[in-house]
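Here the structure comes first, spelled out in C-alpha coordinates, and everything after it is commentary.
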Number of protein chains: 2
Amino acid sequence: MKTVKAQVKEDLLKTLTELFRENGYDGASLSRIMEATGLVKASLYHRFAGGKEEMAEAVLDRTSQTFAGDLLAPLSAPGEPSERLAQTAARLKKFYRSGGLPCLLDTLTLNSNNQGIRRRARGALQYWIDTFAAFARECGHPPATARRRAEDAIAALEGGLVLARVSGNRQPFLRALESLPERLMQ
Amino acid sequence: MKTVKAQVKEDLLKTLTELFRENGYDGASLSRIMEATGLVKASLYHRFAGGKEEMAEAVLDRTSQTFAGDLLAPLSAPGEPSERLAQTAARLKKFYRSGGLPCLLDTLTLNSNNQGIRRRARGALQYWIDTFAAFARECGHPPATARRRAEDAIAALEGGLVLARVSGNRQPFLRALESLPERLMQ
DNA sequence: GTCTATAGCTTGATAGAC
DNA sequence: GTCTATCAAGCTATAGAC
(Lines give C-alpha, C1' and ligand atoms only; values in the text may rest on other atoms or scores of the structure.)
Protein backbone atom coordinates (compact mmCIF):
# COMPACT_ATOMS: atom_id res chain seq x y z
CA MET A 1 0.00 0.00 0.00
CA LYS A 2 2.53 2.54 1.07
CA THR A 3 5.03 1.41 -1.55
CA VAL A 4 2.42 1.85 -4.26
CA LYS A 5 1.76 5.40 -3.11
CA ALA A 6 5.48 6.10 -2.95
CA GLN A 7 5.92 4.75 -6.45
CA VAL A 8 3.21 7.07 -7.75
CA LYS A 9 4.95 10.02 -6.16
CA GLU A 10 8.27 8.85 -7.57
CA ASP A 11 6.81 8.60 -11.07
CA LEU A 12 5.35 12.08 -10.74
CA LEU A 13 8.71 13.51 -9.68
CA LYS A 14 10.35 11.73 -12.60
CA THR A 15 8.01 13.41 -15.05
CA LEU A 16 8.49 16.80 -13.39
CA THR A 17 12.25 16.36 -13.55
CA GLU A 18 12.10 15.67 -17.26
CA LEU A 19 10.00 18.77 -17.87
CA PHE A 20 12.13 21.21 -15.85
CA ARG A 21 15.29 19.72 -17.28
CA GLU A 22 14.36 20.16 -20.92
CA ASN A 23 12.31 23.35 -20.69
CA GLY A 24 13.73 25.29 -17.79
CA TYR A 25 11.67 26.91 -15.06
CA ASP A 26 9.72 29.31 -17.26
CA GLY A 27 9.26 26.79 -20.03
CA ALA A 28 7.82 24.15 -17.73
CA SER A 29 4.38 25.74 -17.61
CA LEU A 30 1.56 24.26 -15.59
CA SER A 31 -0.32 23.40 -18.76
CA ARG A 32 2.63 21.34 -19.99
CA ILE A 33 2.89 19.75 -16.57
CA MET A 34 -0.80 18.93 -16.63
CA GLU A 35 -0.45 17.35 -20.04
CA ALA A 36 2.60 15.31 -19.08
CA THR A 37 1.32 14.11 -15.72
CA GLY A 38 -2.33 13.70 -16.60
CA LEU A 39 -3.23 15.63 -13.47
CA VAL A 40 -5.23 18.84 -13.39
CA LYS A 41 -3.90 22.00 -11.73
CA ALA A 42 -5.89 21.60 -8.54
CA SER A 43 -4.55 18.07 -8.12
CA LEU A 44 -0.99 19.29 -8.57
CA TYR A 45 -1.54 21.97 -5.95
CA HIS A 46 -2.90 19.34 -3.62
CA ARG A 47 0.44 17.54 -3.85
CA PHE A 48 2.61 20.65 -3.99
CA ALA A 49 0.95 23.34 -1.91
CA GLY A 50 3.82 25.69 -2.72
CA GLY A 51 3.04 25.53 -6.41
CA LYS A 52 5.59 25.45 -9.17
CA GLU A 53 8.43 26.61 -6.96
CA GLU A 54 7.90 23.69 -4.63
CA MET A 55 7.81 21.34 -7.62
CA ALA A 56 11.15 22.66 -8.86
CA GLU A 57 12.65 22.36 -5.37
CA ALA A 58 11.42 18.79 -5.08
CA VAL A 59 12.95 18.01 -8.46
CA LEU A 60 16.29 19.42 -7.36
CA ASP A 61 16.15 17.47 -4.10
CA ARG A 62 15.39 14.24 -5.92
CA THR A 63 18.18 14.79 -8.44
CA SER A 64 20.63 15.57 -5.64
CA GLN A 65 19.71 12.24 -4.10
CA THR A 66 20.32 10.52 -7.42
CA PHE A 67 23.77 12.08 -7.64
CA ALA A 68 24.74 11.27 -4.07
CA GLY A 69 23.16 7.82 -3.88
CA ASP A 70 23.85 6.56 -7.38
CA LEU A 71 25.98 8.53 -9.87
CA LEU A 72 28.71 9.69 -7.49
CA ALA A 73 28.41 6.87 -4.96
CA PRO A 74 31.22 4.72 -6.42
CA LEU A 75 33.72 7.52 -5.81
CA SER A 76 33.14 7.30 -2.06
CA ALA A 77 33.03 3.51 -1.97
CA PRO A 78 35.88 1.01 -1.46
CA GLY A 79 37.59 -0.58 -4.43
CA GLU A 80 40.09 0.25 -7.09
CA PRO A 81 39.99 3.98 -7.99
CA SER A 82 40.11 3.56 -11.76
CA GLU A 83 37.24 1.12 -11.70
CA ARG A 84 35.15 3.27 -9.39
CA LEU A 85 35.67 6.31 -11.61
CA ALA A 86 34.76 4.26 -14.67
CA GLN A 87 31.49 3.32 -12.99
CA THR A 88 30.65 6.94 -12.20
CA ALA A 89 31.52 7.96 -15.75
CA ALA A 90 29.26 5.26 -17.16
CA ARG A 91 26.40 6.37 -14.92
CA LEU A 92 26.89 10.02 -15.85
CA LYS A 93 26.87 9.04 -19.50
CA LYS A 94 23.56 7.28 -19.08
CA PHE A 95 22.10 10.05 -16.92
CA TYR A 96 22.84 12.70 -19.55
CA ARG A 97 22.00 10.31 -22.39
CA SER A 98 25.45 10.79 -23.93
CA GLY A 99 24.88 14.54 -23.96
CA GLY A 100 21.35 14.47 -25.33
CA LEU A 101 19.81 15.70 -22.08
CA PRO A 102 20.61 19.05 -20.44
CA CYS A 103 21.70 19.64 -16.85
CA LEU A 104 19.18 20.93 -14.32
CA LEU A 105 21.82 23.16 -12.76
CA ASP A 106 22.00 25.01 -16.06
CA THR A 107 18.38 25.08 -17.17
CA LEU A 108 16.76 25.61 -13.78
CA THR A 109 18.93 28.45 -12.54
CA LEU A 110 18.29 30.71 -15.50
CA ASN A 111 16.04 33.60 -14.56
CA SER A 112 15.16 31.99 -11.27
CA ASN A 113 15.28 34.49 -8.45
CA ASN A 114 13.76 31.96 -6.12
CA GLN A 115 16.00 31.52 -3.13
CA GLY A 116 15.15 27.87 -2.48
CA ILE A 117 16.00 26.90 -6.03
CA ARG A 118 19.26 28.85 -6.15
CA ARG A 119 20.37 27.47 -2.78
CA ARG A 120 19.63 23.88 -3.80
CA ALA A 121 21.38 24.21 -7.16
CA ARG A 122 24.39 25.75 -5.49
CA GLY A 123 24.47 23.00 -2.89
CA ALA A 124 24.16 20.25 -5.48
CA LEU A 125 27.03 21.65 -7.51
CA GLN A 126 29.12 22.01 -4.36
CA TYR A 127 28.50 18.40 -3.43
CA TRP A 128 29.53 17.28 -6.90
CA ILE A 129 32.73 19.32 -6.73
CA ASP A 130 33.50 18.09 -3.21
CA THR A 131 33.05 14.46 -4.22
CA PHE A 132 35.28 14.79 -7.28
CA ALA A 133 37.86 16.68 -5.21
CA ALA A 134 37.90 14.08 -2.44
CA PHE A 135 38.49 11.40 -5.05
CA ALA A 136 41.33 13.39 -6.60
CA ARG A 137 42.92 13.79 -3.17
CA GLU A 138 42.62 10.06 -2.62
CA CYS A 139 44.51 9.65 -5.89
CA GLY A 140 47.38 11.71 -4.53
CA HIS A 141 46.60 15.28 -5.50
CA PRO A 142 47.11 18.00 -2.90
CA PRO A 143 43.86 19.68 -1.75
CA ALA A 144 44.12 22.85 -3.86
CA THR A 145 45.01 20.91 -7.00
CA ALA A 146 42.26 18.39 -6.34
CA ARG A 147 39.64 21.11 -6.07
CA ARG A 148 40.86 22.83 -9.21
CA ARG A 149 40.80 19.61 -11.18
CA ALA A 150 37.35 18.74 -9.87
CA GLU A 151 35.96 22.11 -10.92
CA ASP A 152 37.56 21.94 -14.35
CA ALA A 153 36.29 18.41 -14.94
CA ILE A 154 32.72 19.43 -14.14
CA ALA A 155 33.04 22.59 -16.22
CA ALA A 156 34.13 20.46 -19.18
CA LEU A 157 31.05 18.28 -18.73
CA GLU A 158 28.68 21.22 -18.37
CA GLY A 159 30.23 22.99 -21.33
CA GLY A 160 29.92 19.84 -23.37
CA LEU A 161 26.22 19.74 -22.56
CA VAL A 162 25.82 23.36 -23.68
CA LEU A 163 27.56 22.65 -26.99
CA ALA A 164 25.42 19.56 -27.47
CA ARG A 165 22.24 21.54 -26.95
CA VAL A 166 23.29 24.37 -29.27
CA SER A 167 24.86 22.41 -32.11
CA GLY A 168 23.78 18.82 -31.56
CA ASN A 169 27.41 17.70 -31.40
CA ARG A 170 27.85 15.38 -28.42
CA GLN A 171 31.53 14.68 -28.92
CA PRO A 172 32.82 17.37 -26.53
CA PHE A 173 30.65 15.97 -23.74
CA LEU A 174 31.76 12.41 -24.46
CA ARG A 175 35.40 13.50 -24.51
CA ALA A 176 34.91 15.25 -21.17
CA LEU A 177 33.66 11.96 -19.79
CA GLU A 178 36.59 10.01 -21.21
CA SER A 179 39.07 12.53 -19.85
CA LEU A 180 37.94 12.08 -16.25
CA PRO A 181 40.71 9.60 -15.35
CA GLU A 182 43.53 11.86 -16.54
CA ARG A 183 41.84 14.87 -14.98
CA LEU A 184 41.23 13.42 -11.52
CA MET A 185 43.73 10.59 -11.15
CA GLN A 186 46.97 11.20 -13.05
CA MET B 1 21.92 62.67 -39.02
CA LYS B 2 22.20 59.10 -40.16
CA THR B 3 24.94 58.29 -37.70
CA VAL B 4 22.83 59.59 -34.84
CA LYS B 5 19.99 57.33 -35.89
CA ALA B 6 22.34 54.39 -36.21
CA GLN B 7 23.71 55.09 -32.75
CA VAL B 8 20.19 55.07 -31.29
CA LYS B 9 19.55 51.70 -32.89
CA GLU B 10 22.89 50.43 -31.64
CA ASP B 11 22.09 51.53 -28.09
CA LEU B 12 18.71 49.82 -28.30
CA LEU B 13 20.31 46.56 -29.47
CA LYS B 14 22.82 46.82 -26.67
CA THR B 15 20.05 47.02 -24.09
CA LEU B 16 18.18 44.15 -25.72
CA THR B 17 21.33 42.03 -25.71
CA GLU B 18 21.81 42.61 -22.01
CA LEU B 19 18.23 41.59 -21.28
CA PHE B 20 18.20 38.40 -23.34
CA ARG B 21 21.61 37.46 -22.08
CA GLU B 22 20.79 37.66 -18.40
CA ASN B 23 17.15 36.57 -18.48
CA GLY B 24 16.85 34.20 -21.42
CA TYR B 25 14.12 34.34 -24.01
CA ASP B 26 11.18 33.75 -21.69
CA GLY B 27 12.58 35.93 -18.94
CA ALA B 28 13.09 38.91 -21.21
CA SER B 29 9.45 39.92 -21.20
CA LEU B 30 8.17 42.91 -23.12
CA SER B 31 7.42 44.74 -19.89
CA ARG B 32 11.05 44.38 -18.81
CA ILE B 33 12.14 45.46 -22.25
CA MET B 34 9.85 48.49 -22.04
CA GLU B 35 11.29 49.40 -18.68
CA ALA B 36 14.89 49.00 -19.80
CA THR B 37 14.55 50.77 -23.12
CA GLY B 38 12.08 53.47 -22.11
CA LEU B 39 10.01 52.61 -25.16
CA VAL B 40 6.41 51.47 -25.08
CA LYS B 41 5.32 48.22 -26.73
CA ALA B 42 3.93 49.83 -29.87
CA SER B 43 7.21 51.67 -30.42
CA LEU B 44 9.15 48.44 -30.08
CA TYR B 45 6.89 46.79 -32.64
CA HIS B 46 7.47 49.68 -34.96
CA ARG B 47 11.20 48.91 -34.89
CA PHE B 48 10.83 45.15 -34.80
CA ALA B 49 7.74 44.18 -36.78
CA GLY B 50 8.45 40.53 -36.05
CA GLY B 51 8.08 41.11 -32.33
CA LYS B 52 10.19 39.46 -29.67
CA GLU B 53 11.54 36.78 -31.98
CA GLU B 54 12.92 39.38 -34.33
CA MET B 55 14.49 41.19 -31.38
CA ALA B 56 16.24 38.01 -30.27
CA GLU B 57 17.43 37.32 -33.80
CA ALA B 58 18.78 40.86 -34.12
CA VAL B 59 20.58 40.41 -30.81
CA LEU B 60 22.18 37.20 -32.03
CA ASP B 61 23.21 38.83 -35.32
CA ARG B 62 24.77 41.76 -33.50
CA THR B 63 26.65 39.50 -31.09
CA SER B 64 27.90 37.37 -33.98
CA GLN B 65 29.27 40.53 -35.54
CA THR B 66 30.98 41.42 -32.27
CA PHE B 67 32.62 38.01 -32.18
CA ALA B 68 33.74 38.07 -35.79
CA GLY B 69 34.74 41.72 -35.96
CA ASP B 70 36.22 42.19 -32.51
CA LEU B 71 36.69 39.28 -30.09
CA LEU B 72 37.93 36.67 -32.56
CA ALA B 73 39.40 39.07 -35.13
CA PRO B 74 43.00 38.89 -33.82
CA LEU B 75 43.10 35.15 -34.50
CA SER B 76 42.63 35.75 -38.22
CA ALA B 77 44.97 38.75 -38.35
CA PRO B 78 48.72 38.81 -39.02
CA GLY B 79 51.18 38.90 -36.13
CA GLU B 80 52.67 36.62 -33.57
CA PRO B 81 50.26 33.81 -32.62
CA SER B 82 50.78 33.98 -28.87
CA GLU B 83 50.14 37.71 -28.83
CA ARG B 84 47.06 37.42 -31.03
CA LEU B 85 45.61 34.73 -28.79
CA ALA B 86 46.36 36.84 -25.73
CA GLN B 87 44.38 39.67 -27.28
CA THR B 88 41.38 37.46 -27.98
CA ALA B 89 41.54 36.06 -24.45
CA ALA B 90 41.59 39.56 -23.00
CA ARG B 91 38.60 40.58 -25.09
CA LEU B 92 36.67 37.46 -24.13
CA LYS B 93 37.43 38.16 -20.50
CA LYS B 94 36.02 41.64 -20.80
CA PHE B 95 33.04 40.50 -22.86
CA TYR B 96 32.01 37.95 -20.23
CA ARG B 97 33.02 40.28 -17.40
CA SER B 98 35.39 37.66 -16.00
CA GLY B 99 32.57 35.16 -15.87
CA GLY B 100 29.98 37.46 -14.36
CA LEU B 101 27.87 37.56 -17.52
CA PRO B 102 26.27 34.50 -19.15
CA CYS B 103 26.57 33.41 -22.77
CA LEU B 104 23.71 34.08 -25.18
CA LEU B 105 24.22 30.69 -26.80
CA ASP B 106 23.32 29.11 -23.49
CA THR B 107 20.54 31.38 -22.22
CA LEU B 108 18.82 32.08 -25.53
CA THR B 109 18.61 28.52 -26.82
CA LEU B 110 16.82 27.15 -23.79
CA ASN B 111 13.17 26.45 -24.58
CA SER B 112 13.39 28.26 -27.86
CA ASN B 113 11.76 26.31 -30.63
CA ASN B 114 12.13 29.25 -32.96
CA GLN B 115 14.00 28.18 -36.04
CA GLY B 116 15.67 31.54 -36.72
CA ILE B 117 17.09 31.68 -33.22
CA ARG B 118 18.35 28.10 -33.21
CA ARG B 119 19.92 28.47 -36.63
CA ARG B 120 21.71 31.68 -35.65
CA ALA B 121 22.98 30.26 -32.37
CA ARG B 122 24.23 27.17 -34.12
CA GLY B 123 25.94 29.27 -36.78
CA ALA B 124 27.58 31.54 -34.23
CA LEU B 125 28.97 28.60 -32.29
CA GLN B 126 30.20 27.02 -35.52
CA TYR B 127 32.02 30.20 -36.48
CA TRP B 128 33.66 30.33 -33.07
CA ILE B 129 34.80 26.72 -33.34
CA ASP B 130 36.02 27.23 -36.91
CA THR B 131 38.05 30.27 -35.94
CA PHE B 132 39.67 28.54 -32.97
CA ALA B 133 40.36 25.47 -35.12
CA ALA B 134 41.93 27.48 -37.93
CA PHE B 135 44.20 29.13 -35.38
CA ALA B 136 45.19 25.76 -33.92
CA ARG B 137 45.99 24.47 -37.42
CA GLU B 138 48.14 27.53 -38.00
CA CYS B 139 49.98 26.58 -34.83
CA GLY B 140 50.81 23.19 -36.28
CA HIS B 141 47.96 20.94 -35.23
CA PRO B 142 46.48 18.56 -37.81
CA PRO B 143 42.87 19.39 -38.78
CA ALA B 144 41.13 16.76 -36.65
CA THR B 145 43.19 17.61 -33.59
CA ALA B 146 42.67 21.31 -34.16
CA ARG B 147 38.90 20.91 -34.27
CA ARG B 148 38.88 18.76 -31.17
CA ARG B 149 40.98 21.25 -29.24
CA ALA B 150 38.84 24.14 -30.41
CA GLU B 151 35.65 22.43 -29.26
CA ASP B 152 37.12 21.49 -25.91
CA ALA B 153 38.44 24.99 -25.31
CA ILE B 154 35.02 26.52 -25.94
CA ALA B 155 33.33 23.85 -23.84
CA ALA B 156 35.66 24.76 -20.96
CA LEU B 157 34.67 28.41 -21.31
CA GLU B 158 30.94 27.67 -21.53
CA GLY B 159 31.12 25.28 -18.61
CA GLY B 160 33.00 27.88 -16.60
CA LEU B 161 30.19 30.33 -17.25
CA VAL B 162 27.62 27.80 -16.06
CA LEU B 163 29.54 27.18 -12.85
CA ALA B 164 29.92 30.92 -12.33
CA ARG B 165 26.18 31.44 -12.67
CA VAL B 166 25.27 28.57 -10.37
CA SER B 167 27.85 29.03 -7.63
CA GLY B 168 29.31 32.47 -8.17
CA ASN B 169 32.79 31.00 -8.50
CA ARG B 170 34.48 32.54 -11.53
CA GLN B 171 37.78 30.69 -11.21
CA PRO B 172 36.93 27.84 -13.61
CA PHE B 173 36.06 30.35 -16.32
CA LEU B 174 39.22 32.36 -15.71
CA ARG B 175 41.32 29.19 -15.78
CA ALA B 176 39.67 28.21 -19.07
CA LEU B 177 40.78 31.56 -20.45
CA GLU B 178 44.33 31.15 -19.18
CA SER B 179 44.54 27.64 -20.60
CA LEU B 180 43.82 28.78 -24.16
CA PRO B 181 47.50 28.90 -25.21
CA GLU B 182 48.25 25.35 -24.12
CA ARG B 183 44.94 24.15 -25.55
CA LEU B 184 45.29 25.72 -29.02
CA MET B 185 49.01 26.30 -29.52
CA GLN B 186 51.15 23.71 -27.76
C1' DG C 1 8.26 57.44 -34.83
C1' DT C 2 5.97 57.82 -30.59
C1' DC C 3 2.07 57.39 -27.93
C1' DT C 4 -2.82 55.54 -25.51
C1' DA C 5 -5.90 52.00 -25.40
C1' DT C 6 -7.24 47.52 -25.97
C1' DA C 7 -7.59 42.86 -27.59
C1' DG C 8 -6.98 37.94 -26.77
C1' DC C 9 -4.54 34.52 -24.86
C1' DT C 10 -1.69 32.08 -21.26
C1' DT C 11 0.12 32.13 -16.90
C1' DG C 12 0.11 30.57 -11.86
C1' DA C 13 -3.13 29.97 -8.32
C1' DT C 14 -7.94 29.06 -5.57
C1' DA C 15 -12.65 27.85 -4.25
C1' DG C 16 -15.51 24.40 -3.55
C1' DA C 17 -18.21 20.15 -5.06
C1' DC C 18 -17.74 15.17 -4.96
C1' DG D 1 -7.38 13.00 -3.65
C1' DT D 2 -9.54 14.19 -7.80
C1' DC D 3 -12.32 17.08 -10.32
C1' DT D 4 -14.93 21.65 -12.66
C1' DA D 5 -15.04 26.38 -12.69
C1' DT D 6 -13.05 30.57 -12.00
C1' DC D 7 -9.74 34.27 -10.85
C1' DA D 8 -6.46 38.14 -11.32
C1' DA D 9 -2.31 39.10 -13.43
C1' DG D 10 0.88 38.62 -16.89
C1' DC D 11 1.96 37.88 -21.58
C1' DT D 12 2.47 39.10 -26.83
C1' DA D 13 0.49 41.70 -30.20
C1' DT D 14 -2.41 45.29 -32.73
C1' DA D 15 -5.36 49.44 -33.88
C1' DG D 16 -5.37 54.03 -34.47
C1' DA D 17 -4.58 58.96 -32.91
C1' DC D 18 -1.02 62.48 -33.04
Side-chain angles (χ1 to χ4, degrees), chain A residues 1-20 22-60 107-118, chain B residues 1-17 19-20 22-60 107-108 110-118:
Chain A
M1 294 260 284
K2 201 172 184 183
T3 54
V4 171
K5 202 170 156 187
Q7 183 60 36
V8 169
K9 179 93 176 183
E10 170 62 16
D11 288 346
L12 177 57
L13 275 177
K14 219 170 180 173
T15 304
L16 289 177
T17 301
E18 211 173 315
L19 284 169
F20 280 114
E22 301 187 42
N23 304 305
Y25 187 81
D26 290 329
S29 64
L30 284 188
S31 32
R32 282 192 189 180
I33 296 178
M34 287 172 63
E35 187 183 24
T37 61
L39 291 175
V40 85
K41 291 184 194 183
S43 302
L44 291 165
Y45 273 85
H46 175 74
R47 293 157 181 264
F48 300 94
K52 217 173 101 167
E53 290 190 355
E54 189 180 327
M55 299 182 206
E57 291 172 1
V59 159
L60 276 175
T107 64
L108 210 42
T109 54
L110 178 61
N111 193 31
S112 169
N113 295 337
N114 177 278
Q115 212 57 26
I117 292 176
R118 296 209 73 84
Chain B
M1 293 260 284
K2 203 171 183 184
T3 55
V4 170
K5 203 169 156 189
Q7 183 59 37
V8 168
K9 179 93 175 184
E10 170 62 17
D11 287 348
L12 177 57
L13 275 177
K14 218 168 179 173
T15 304
L16 288 177
T17 301
L19 284 169
F20 280 113
E22 300 187 43
N23 302 305
Y25 188 80
D26 291 329
S29 65
L30 284 188
S31 34
R32 282 192 190 181
I33 295 178
M34 287 171 61
E35 188 183 24
T37 62
L39 290 176
V40 84
K41 292 183 195 183
S43 302
L44 290 166
Y45 273 86
H46 175 74
R47 294 158 180 264
F48 301 93
K52 217 172 102 167
E53 290 189 356
E54 189 180 326
M55 299 183 206
E57 291 171 0
V59 159
L60 276 176
T107 65
L108 209 43
L110 178 62
N111 193 31
S112 169
N113 295 338
N114 178 278
Q115 211 57 25
I117 293 178
R118 297 207 74 83

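Numbered from 1 within each chain, the chains take letters A, B, ... in sequence-line order. Keep in mind it's a predicted model, so treat the numbers as computed, not measured.
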- Query: So, is the end of the B:Lys41 side chain (NZ or CZ) under 6.0 Å from the ring centre of B:Phe48 and within 45° of the ring's axis?
  - Reply: no

- Query: In terms of side-chain heavy atoms of B:Leu39, which of C:dT2, D:dC3, C:dG12 is nearest?
  - Reply: C:dT2

- Task: Quick one: label B:Ser43 by what it contacts on the DNA or RNA (base, sugar-phosphate, nothing), any heavy atom closer than 4.0 Å.
- Result: base

- Return the value, rounded to whole Å, for the distance between atom OH of B:Tyr25 and atom C1' of D:dC11. 12 Å

- Query: Under 6.0 Å from the CD atom of B:Glu10, do we count more than 12 heavy atoms belonging to anything else shown?
  - Reply: yes

- According to a strict under-4.0 Å criterion, is B:Tyr45 in side-chain N/O contact with OP1 or OP2 of D:dT14? no

- If each of B:Lys52 and B:Ala42 is mapped to the nucleotide of DNA chain D with the nearest heavy atom, which maps nearer the 5' terminus, i.e. the 5' end? B:Lys52

- To the nearest Å, give me how far apart CD (B:Glu54) and P (D:dA13) are. 11 Å

- Establish, with yes or no, whether the OP1 or OP2 oxygen of C:dT10 is under 4.0 angstrom from a side-chain nitrogen or oxygen of A:Ser31. no

- Item | Nearest-angstrom distance from the residue atom CG of A:Asn23 to P of C:dG12 | 12 Å

- Calculate the interatomic distance between B:Glu53 atom CD and D:dA13 atom C1'; express it in whole Å. 12 Å

- Could you check how far NE2 of A:His46 sits from C1' of C:dA17, rounded to whole Å? 15 Å

- Separation of atom CE in B:Met34 from atom P in C:dT4, rounded to whole Å: 9 Å

- CZ of B:Arg32 versus C1' of D:dT12: gap in Å, rounded? 16 Å

- Item | Audit row: B:Asp26, A:Asn111, side chain to side chain donor-acceptor pair (under 3.5 Å) steps and yes/no | CA-CA 9 Å; B:Asp26 291 329; A:Asn111 193 31; over 6 Å; no

- Would you kindly give the CG-to-P distance between B:Leu16 and D:dT12, to the nearest whole Å? 13 Å

- Message: Quick check on D:dT2: is either OP1 or OP2 less than 4.0 Å from any side-chain nitrogen or oxygen of A:Arg47?
- Response: yes

- d(A:Leu19 CG, A:Lys14 NZ) to nearest 0.5 Å is 14.0 Å

- Is there a donor and acceptor pair, one atom on the side chain of B:Lys41 and one on the base of D:dT14, closer than 3.5 Å? no

- Message: Looking at B:Leu39, is its backbone amide N or carbonyl O close enough to the side chain of B:Ser43 to form a donor-acceptor pair, meaning the two atoms are under 3.5 Å apart?
- Response: no

